[in-house]
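Report on the structure given below.
Residue numbers run from 1 in the order of the sequence given.
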Amino acid sequence: MHSINQYQEFVSDYLNSQSKNKEPKNLYEPIHYIVELGGKRIRPILTLMSTEVFNAHYSKALPAAMAVEVFHNFSLVHDDIMDDAPLRRGKITVHEKWNINTGILSGDAMLILAYQYFEKYQPRIFRKLAKLFSKTALEVCEGQQYDVDFETRDDVTIPEYLKMIEYKTAVLVAAAMKMGAIIAGTSKENANLIYNFGLNLGLAFQLQDDYLDAFGDPETFGKQVGGDIIENKKTFLYLKAIEFSKKEEKEQLLHLFSIHLDDNFEKIKSVKEIFNSTGASNANQKAIQNFTLKAFKTLKKMNISEDKKAILKAFGENLMGRKV
């Protein structure tokens with residue numbers, strides 16, 4: 001097994017080896033731009049890590065890890081267009097740097113490029129990876145549609161929200177880990193358990209992301225803080241605040257989430273105060289802990305060595321406490 005930093009280097013080195021000056025420039029330059037912005041590279045790291053957890057060399061998983069990373073970035077390019085987001089990883093988003101049409105087309109190309117990486121595997125492995133990837137990619141699209149639908153609904157429930165983030169975020173984390181298990185040739189039971197481990201970790205990750213969107217440090221978070229509040233997104237924080245709020249707070253929150261302002265500073269400040277005063281912030285942090293502990297319970301059932309379980313657990317703990 002290697003360290004997280006080493007896995008990041010392996011992904012970066014492989015990414016650099018794939019970079020070619022292709023034409024037309026206006027199609028491929030935005031792809032290179034978004035992928036090379038870096039980010040945490042959590043998903044490809046998990047693919048490499050899970051491959052080694054099941055006793056295969058990480059290098060076998062590099063094409064699959066790259067497929068996961070390219071697909072993830074494809075979804076970000078299109079999400080940023082839909083959200084009209086100005087920043088991604090602290091830099092200008094693709095559609096702002098180029099234009100919306102370029103963002104759409106380059107994103108489309110990234111989806112196709114992601115699939116091409118699976119062609120590097122033998123037919124039996126290719127079929128398993130492609131089947132999992134197709135299922136996951138469709139679920140991510142379904143999750144994004146739920147997210148969009150929720151913006152115009154006032155009756156979103158906590159279970160509905162959790163289903164949305166499961167599809168939009170958690171399934172890709174889970175699939176990234178299961179791909180490593182498939183490549184390593186471990187048992188079906190182990191592959192399913194690592195998927196469930198990743199799924200619960202992904203749910204915790206997204207709830208932490210929602211929290212950081214409201215309360216994160218703009219210098220380290222890399223995205224516009226308060227973006228979900230500006231877009232009136234019905235996050236776990238919002239839904240818990242509605243559940244816990246008194247009449248006046250609820251009316252204020254409903255009003256704030258029914259308007260769009262040119263200057264959002266006061267709106268963000270007021271919403272965050274309600275999140276804290278109602279106990280929604282604490283409920284969000286407790287949910288993060290619960291999903292992380294659920295992931296750790298799955299870990300106990302896995303047929304791997306205790307030292308490898310400890311490595312996966314440490315990764316989950318670090319993810320839970322992240323600030324970026």
Side-chain angles (χ1 to χ4, degrees), residues 39 75-93 95-96 143-170 203-288 291 322-324:
S75 70
L76 297 183
V77 170
H78 281 193
D79 283 4
D80 287 342
I81 292 170
M82 295 173 80
D83 294 342
D84 196 23
L87 295 176
R88 170 64 64 182
R89 297 167 182 156
K91 302 291 184 181
I92 303 168
T93 47
H95 70 279
E96 289 283 345
Q144 175 65 5
Q145 186 60 56
Y146 283 132
D147 194 18
V148 172
D149 291 347
F150 291 174
E151 288 178 33
T152 55
R153 280 181 51 191
D154 294 324
D155 58 348
V156 178
T157 64
I158 293 283
E160 284 181 315
Y161 178 74
L162 291 175
K163 181 181 179 182
M164 183 273 285
I165 64 170
E166 177 183 332
Y167 280 18
K168 188 175 175 182
T169 301
L203 286 163
F205 177 86
Q206 185 56 52
L207 288 171
Q208 179 76 330
D209 210 56
D210 292 349
Y211 181 83
L212 291 173
D213 189 277
F215 296 101
D217 182 346
E219 293 298 314
T220 58
F221 186 47
K223 289 189 283 186
Q224 180 181 27
V225 171
D228 287 346
I229 295 170
I230 293 168
E231 291 297 314
N232 298 330
K233 286 189 180 290
K234 313 298 194 302
T235 62
F236 191 91
L237 280 164
Y238 169 85
L239 295 172
K240 280 295 179 184
I242 289 290
E243 181 185 337
F244 296 155
S245 60
K246 295 171 185 172
K247 185 182 176 185
E248 296 80 8
E249 287 174 320
K250 185 174 181 179
E251 287 176 354
Q252 184 187 6
L253 196 56
L254 288 170
H255 170 68
L256 288 167
F257 270 68
S258 69
I259 57 175
H260 289 276
L261 303 172
D262 292 330
D263 182 5
N264 289 287
F265 178 79
E266 287 301 323
K267 176 180 175 176
I268 293 168
K269 185 174 174 234
S270 299
V271 169
K272 285 166 68 172
E273 285 172 359
I274 296 171
F275 286 168
N276 284 330
S277 65
T278 58
S281 299
N282 289 335
N284 193 93
Q285 297 310 92
K286 189 171 182 182
I288 292 167
F291 281 115
R322 74 192 173 93
K323 303 297 179 190
V324 295

Exercise. Shortest non-hydrogen contact from Tyr161 to Phe150?
Worked result: CA-CE1, 4.0 Å

Exercise. Just wondering, are more than 12 heavy atoms of other shown residues or ligands nearer than 6.0 Å to NZ in Lys267?
Worked result: yes

For this session: In plain terms, say whether Asp83 and Lys233 are close enough for a salt bridge, that is, a side-chain N and a carboxylate O under 4.0 Å apart.
Result: yes

Exercise. Would you call Lys240-Glu243 a salt bridge at under 4.0 Å N-O?
Worked result: yes

For this session: Verify side-chain contact (heavy atoms from CB on, under 4.5 Å) between Met82 and Gln144, making sure each step is shown before the conclusion.
Result: CA-CA 10 Å; Met82 295 173 80; Gln144 175 65 5; 3.1 Å; yes

Problem set entry | Side-chain donor-acceptor pair present, Ser281, Asn276, cut-off under 3.5 Å | yes

Problem set entry | Distance in Å, Phe215 CZ paired with Ile268 CD1, rounded so as to fall on 0.5 Å steps | 11.5 Å

For this session: Could you tell me the separation between the OG1 atom of Thr235 and the CG atom of Leu207, rounded to the nearest 0.5 Å?
Result: 9.0 Å

Seminar exercise, completed: In terms of heavy-atom contacts, Met164 and Gly143 come closest through CG-O, 3.3 Å

Problem set entry | side-chain contact (heavy atoms from CB on, under 4.5 Å) between Phe275 and Tyr238, intermediate numbers included | CA-CA 7 Å; Phe275 286 168; Tyr238 169 85; 4.3 Å; yes

For this session: Might you work through the side-chain contact (heavy atoms from CB on, under 4.5 Å) test for His95 and Val77, ending with a clear yes or no?
Result: CA-CA 8 Å; His95 70 279; Val77 170; over 6 Å; no

Exercise. How long is the span from the CG atom in Asn284 to the CZ atom in Phe236, to the nearest 0.5 Å?
Worked result: 6.0 Å

Exercise. Is any side-chain heavy atom of Asp84 less than 4.5 Å from a side-chain heavy atom of Glu96?
Worked result: yes

Exercise. Going by atom types alone, do Glu249 and Thr278 pair a side-chain donor with an acceptor below 3.5 Å?
Worked result: no

For this session: Taking all heavy atoms of Leu253 and all of Ala241, pick out the closest pair and write down the distance.
Result: CD2-CB, 3.6 Å

Seminar exercise, completed: Rounding to 0.5 Å, atoms NZ (Lys234) and CG (Asp149) come to a distance of 11.0 Å

Exercise. Taking all non-hydrogen atoms of both residues, which atom of Ile288 and which atom of Ala204 are closest, and how far apart?
Worked result: O-CB, 3.7 Å

Problem set entry | Stepwise side-chain contact (heavy atoms from CB on, under 4.5 Å) test for Leu76 and Arg89 | CA-CA 11 Å; Leu76 297 183; Arg89 297 167 182 156; 3.5 Å; yes

Problem set entry | Glu151 side, atom CD; Tyr146 side, atom OH - distance, nearest 0.5 Å | 16.0 Å

Problem set entry | Contact check, side chains of Leu203 and Ile165, non-hydrogen atoms, under 4.5 Å | yes

Problem set entry | Least distance between heavy atoms, Leu239 atom then Ile158 atom | CB-CD1, 3.6 Å

Seminar exercise, completed: So CD1 of Ile242 and CG of Leu237: to nearest 0.5 Å the spacing works out to 12.0 Å

Exercise. Where the side chain of Glu160 meets the backbone of Thr157, is there a donor-acceptor pair that is under 3.5 Å apart?
Worked result: yes

N/O donor-acceptor pairs under 3.5 Å from side chains in residues 254-261, not counting sequence neighbours:
residue : atom : partner : partner atom : Å
Ser258  : OG   : His255  : O            : 2.6
His260  : NE2  : Asn232  : ND2          : 3.4

Seminar exercise, completed: Nearest heavy-atom contact between Ser270 and Gln252 is CB-NE2, 4.0 Å

